[in-house]
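Letters A, B, ... are given to chains in the order of the sequence lines, protein chains preceding strands, and every chain is numbered from 1.
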Amino acid sequence: MDHLETKTYDVLVVGAGGAGLRAAIEAVDQGVSVAVVCKSLLGKAHTVMAEGGVAAALATTDSRDGWRVHFRDTMRGGKLLNDWRMAQLLAQEAPARVRELEAWGALFDRTPDGRILQRNFGGHQYPRLAHVGDRTGLEMIRTLQDRTVQAQRIDVFMECTVARLLTDDGRISGALTYRRESGRFLLLRAKAVVLATGGIGRAYKINSNSWEYTGDGHALAYDAGADLIGMEFVQFHPTGMVWPLSVRGILVTEGVRGEGGVLKNSRGERFMFRYIPEMFRGDFADTEEEADRWVADVIAGRKAEARRPPELLTRDVVARAIAQEVREGRGSPHGGAFLDIASRRKAEDIRKKLPSMYQQFFELADVDITREPMEVFPTTHYMMGGVKVDPESQAATVPGLFAAGEVAGGLHGANRLGGNSLSDLLVFGRRAGAGAATYARAQSGEPGVETRQVDAITAELLAPFERKGSESPYAVQDALQDMMGTCVGIARTADDLQNALAALGELRARAGRVGVDGNRQYNPGWHTTLDLRNLLTVSEAVTRAALARRESRGAHTRVEHPDSDKRFGTVNVVVRRQGDAMTVVEEPIVPVPGELRDILEGKD
Amino acid sequence: MPDRRTIEIRVKRQDGPDRAPYWQSFAIAWRPQHNVLSALMEIRTNPMTTDGERVSAPAWDASCLEEVCGSCAMVVNGRVRMGCTALVDRLDQPIVLEPLTKFPVVRDLVVDRSRMFEALKNLRAWIPLDGTYDLGPGPRLSPEVQQFRYALDRCITCGCCLEVCPQIHRDDPPGTGFVGAAAIAQALLMNLHPTGQLNADERLDALMGPGGVASCGNAQNCVEACPKDIPLTHAIGEIGRQTTIKWIKDIFVR
Ligand SMILES: Cc1cc2nc3c(=O)[nH]c(=O)nc-3n(C[C@H](O)[C@H](O)[C@H](O)COP(=O)(O)OP(=O)(O)OC[C@H]3O[C@@H](n4cnc5c(N)ncnc54)[C@H](O)[C@@H]3O)c2cc1C
Ligand code: SF4
Ligand code: SF4
Ligand code: FES
């Protein structure tokens, strides 16, 4: 361990998205020393991309809203698999966190009389999403970043990646990181570590996530021995662009279908009519003629007499339908479905009704949605599963480890409602910061770091330079993403999942043969090689958890088990490391207590 | 009309902060609707120069790929812009990519923009408020003020405005040079905030010092370069007005 740069803190926060920054601010307010590390620059974390808004029962737009309704919506959305206490805390504390953000300088859209304007969103009974235009995430990050910059006592290490967590006698003692710029290692010793690393979208080829989403936090926690829960629940948004390359994965809002956009396969068929589930038959049009009448009525602002077009079925139904069309050989040239609004509405109407969609595709990819159909496929959007945490303090099952935001599990159960993620970041980011500070203060003395442990890790991280490798890291990542999309996508079969496990073994072997050229200074090939390890770990966790849950619930669909199974409604699937083997066990979830149960049943 | 068979890209490379820059050319098969970043990604999968030499992949910064995060600013064919919205078919070839010139190069197209955070620090472009409180229902804010603040609020800290500004120099010693248009707009944004107003004078003081608003030569390059159409010259003018008023007040109070 020659000349290893080392620094010591009470609390180390990994990640500078909404959750990480909120945790750091809270920890420093509690008087401990804090460092934040992040892979990209401050202010560029994935949270900036959030558009719709932050869900909080502020009741400024509809006074009937309140925490109980928000709690009920969240639990129902999660198919009751949520950690009920987290859902309760989210609903109760989100309004105060949003107001606090405003006091710190954030801007929100206003009602005519000057109050925060809230918008409607799927699954929320009342208008509940505070927002600023379609740039709510940017606003949240800017505000939290200003506060972090202001707090002189937070050290920020940007463009610095945590490669492994360190433990001392079963407790967290810090993290080994490398600076992306120089390739040099930096050892950060800390009594407590808060993981706020976001999601895993990059395990799939088509995803709406940024390059940072390689599941690092999930894998770091797993390696350190922490439990992961709910890993089978990956949320897909039904319509992400598949082509052109420059916009692959980027979301196409539901608004396009709401404005009359239709889905077609390569034969020009409007296939959604074939996928209307039995229980929805009464609510959806069964002929094109009727569906078109609904659109005409809605556009004209008349009360629609006709039933709605089947393109507006729930996200999971639309996503599965598109995937099935493609699987059965009726996909578009780049493996998606056509989403056509160009032939349905006048160009000027499209530009007026969907200005940001129009603008976005025109500027990013030269696609004119008023002239040509889009090619869409379900895009990996959000990870419900993650590190198992204590609802009050966000403590993981390893002492000294905490997690908040998308990397933490439990809150969203089997499915997340839109807008609940940004409030999650604020509520549980703050709680994790407090939890970590309290824990750190209670520790006597510095945690130990063993030279041997560090040396072994650095040797492993540098190994790709020694190998005259035959594999390119990008090729292995590509193959992994293809495989996950095919075998562990939205509709899963036992055979596919078994094949995935076999394929993961081969991919792991290939990853072991990757060699990188050049030196350690800002070497993206090396970084990708190191990310691969995390991607392989989380991919295996998703696959094993998906095999274990032999039912369909929320975002998880098993083809052979199309219905929910009562027994699985009472358990979490827990993924845990045992030596070098990944094990999966079922653990009962804590039942909802009586008075909250009444709320769920609408008896409030 | 661009060549529809290949896309040629010349990249100004630099192996590290203190290394000498050099040029390399890459070619990939033409495909419709590439932007500069998706073309760079394709180069990355098999980085081979047009001379047939295998090299390390050029480095660049990006996160969102949809012009929200502000990471990917670079000089494309001599003009600063965001790589993710620079459409290949609308550019002359070969496409020439260079790092921003007003910031220290980290590697290839990646630069160090910490100067922008330092500027925010100098201006105290935030709301000082201690602890976390239950803040009641929050202030009322008229939709009009909200709209104006929103116009300033869309800044993605990309640095394009600094890149084109004649008053910004790459070798300005840290913390002494002109703060730049982006930070001035952020200071105004905070001065329009109900609580932020309480510290408006402090921000104006900072903007009256060296490197403050008086350093702006009013060349207006910034407003043309900003990818988010932020009314920068308007903001600079407004801050200029406020600092003048404060300057006069300070003379009489003294
Ligand atoms: C297009 C899009 C729109 C969305 N819209 C909404 C919305 O309207 N409302 C809503 O509630 N949710 C929305 N979401 C979801 C929400 O944005 C995310 O779930 C949330 O921002 C995650 O925040 P986070 O703080 O957990 O992580 P992030 O913001 O992703 O931050 C992760 C941080 O961890 C760092 N990091 C990761 N790995 C490492 C490592 N190994 N070492 C060091 N640092 C590391 C990264 O650099 C980064 O700073 C949207 C998501 C997408 C993709
Ligand atoms: S107007 Fe001022 S800030 Fe803008 S480019 Fe000119 S000198 Fe720079
Ligand atoms: S003001 Fe405009 S050009 Fe300057 S940093 Fe902000 S977004 Fe970029
Ligand atoms: S990648 Fe985010 S702005 Fe271009």
Side-chain angles (χ1 to χ4, degrees), chain A residues 26 29 40-46 48-49 60 96 99-100 102-105 107-116 132-133 135 137-139 142 146-147 149-150 158 181-182 210-212 244-247 250 360 363-367 430 472 474-475 478 517-519 521-525, chain B residues 15-16 31-35 37-38 42 44-46 54 56-57 59 61-71 84-85 87 89-90 106-108 110 113 117 120-121 124-129 131-138 140-143 146 149-150 153-154 156-157 190 193 195-196:
Chain A
E26 187 64 20
D29 276 352
S40 55
L41 292 170
L42 195 57
K44 313 294 181 200
H46 185 82
V48 294
M49 291 163 74
T60 51
R99 281 189 218 109
E100 172 184 272
E102 177 171 49
W104 291 348
L107 187 66
F108 292 104
D109 282 359
R110 293 285 149 173
T111 60
D113 64 348
R115 287 188 274 208
I116 293 180
V132 53
R135 289 290 168 258
L138 176 64
E139 186 63 15
R142 186 186 59 70
D146 287 353
R147 253 195 115 62
V149 171
Q150 154 183 198
M158 300 188 220
E181 191 182 320
S182 61
S210 81
W211 61 267
E212 299 189 283
L245 222 51
S246 47
V247 287
I250 292 183
Q360 185 174 34
E363 283 184 5
L364 296 173
D366 213 1
V367 171
R430 175 177 157 278
S472 141
Y474 300 103
D478 260 18
D517 301 329
N519 60 28
Q521 278 184 15
Y522 210 101
N523 189 328
Chain B
D15 293 344
R31 286 210 242 176
Q33 295 148 318
H34 259 308
N35 62 33
L37 293 195
S38 60
E42 200 159 316
R44 179 173 69 185
T45 55
N46 181 23
R54 263 195 73 85
S56 65
D61 244 340
S63 178
C64 68
L65 307 182
E66 52 182 66
E67 210 181 69
V68 191
C69 74
S71 307
C84 58
T85 47
L87 294 169
D89 289 350
R90 293 188 203 159
V106 172
R107 186 186 177 106
D108 299 340
V110 180
R113 270 177 281 204
F117 296 108
L120 290 180
K121 272 193 202 168
R124 297 182 194 82
W126 56 68
I127 314 285
L129 193 76
T132 53
Y133 308 101
D134 187 356
L135 297 150
R140 301 264 176 127
L141 181 66
S142 81
Q146 194 271 349
R149 289 186 60 214
Y150 185 49
D153 193 60
R154 287 168 309 174
I156 56 177
T157 335
M190 292 305 147
H193 184 275
T195 329

Value rounded to 0.5 Å, distance of CG in B:N35 from CG in A:D366: 10.5 Å
Taking every heavy-atom pair that is under 4.5 Å apart, which of B:P32, B:G16, B:G196, B:C84 has the most such pairs with chain A? B:C84
Closest non-hydrogen atom pair, B:V68 against A:L138: O-CD1, 4.0 Å
Less than 4.5 Å to any heavy atom of chain B: does that hold for the side chain of A:V247, its backbone, both, or neither? neither
Where does A:E363 contact chain B at under 4.5 Å (heavy atoms): side chain, backbone, both or neither? both
How long is the gap from CG on B:L87 to OG on A:S246, to the nearest 0.5 Å? 7.0 Å
Side chain proximity check, B:R140 to A:R115, heavy atoms < 4.5 angstrom: yes
Name the member of B:A57, B:S142, B:G70 that forms the most heavy-atom pairs with chain A at distances under 4.5 Å. B:G70
Quick check on A:S182 against chain B: is it the side chain, the backbone, both or neither that has a heavy atom closer than 4.5 Å? neither
When B:R44, B:H34, B:E42 are compared by non-hydrogen pairs under 4.5 Å with chain A, the top option: B:R44
Minimum side-chain heavy-atom gap B:Q33-A:L364 below 4.5 Å: no
Which atoms of B:S56 approach chain A - backbone, side chain, both or neither, heavy atom under 4.5 Å: neither
Hey, are the side chains of A:D517 and B:R54 touching, using non-hydrogen atoms and a 4.5 Å cut-off? yes
Run A:D146 and B:M190 through side-chain contact (heavy atoms from CB on, under 4.5 Å) and show every step you take. CA-CA 11 Å; A:D146 287 353; B:M190 292 305 147; 3.7 Å; yes
So, the part of B:R154 with a heavy atom under 4.5 Å from chain A: the answer is backbone
Taking atom SG of B:C64 and atom CH2 of A:W211, what is their separation to the nearest 0.5 Å? 12.5 Å
Can any side-chain N or O of B:S63 pair as donor or acceptor with the backbone N or O of A:K44 at less than 3.5 Å? yes
How many angstroms lie between CD in A:Q521 and CG in B:D15, if you round to the nearest 0.5 Å? 7.5 Å
Distance in Å, A:L41 CG paired with B:T157 OG1, rounded so as to fall on 0.5 Å steps: 9.5 Å
Engaged part of B:L37 at the chain A interface, taking heavy atoms whose separation is under 4.5 Å: neither
Strictly by modelled atom types, are A:D109 and B:Q146 linked by a side-chain donor-acceptor pair under 3.5 Å? yes
Drop me the distance from B:I156's CD1 to A:R142's CZ, to the nearest 0.5 angstrom. 13.5 Å
Are the side chain of B:R107 and the backbone of A:E181 linked by a donor-acceptor contact shorter than 3.5 Å? no
Heavy-atom check, side chain of B:F117 versus side chain of A:M158, under 4.5 Å: yes
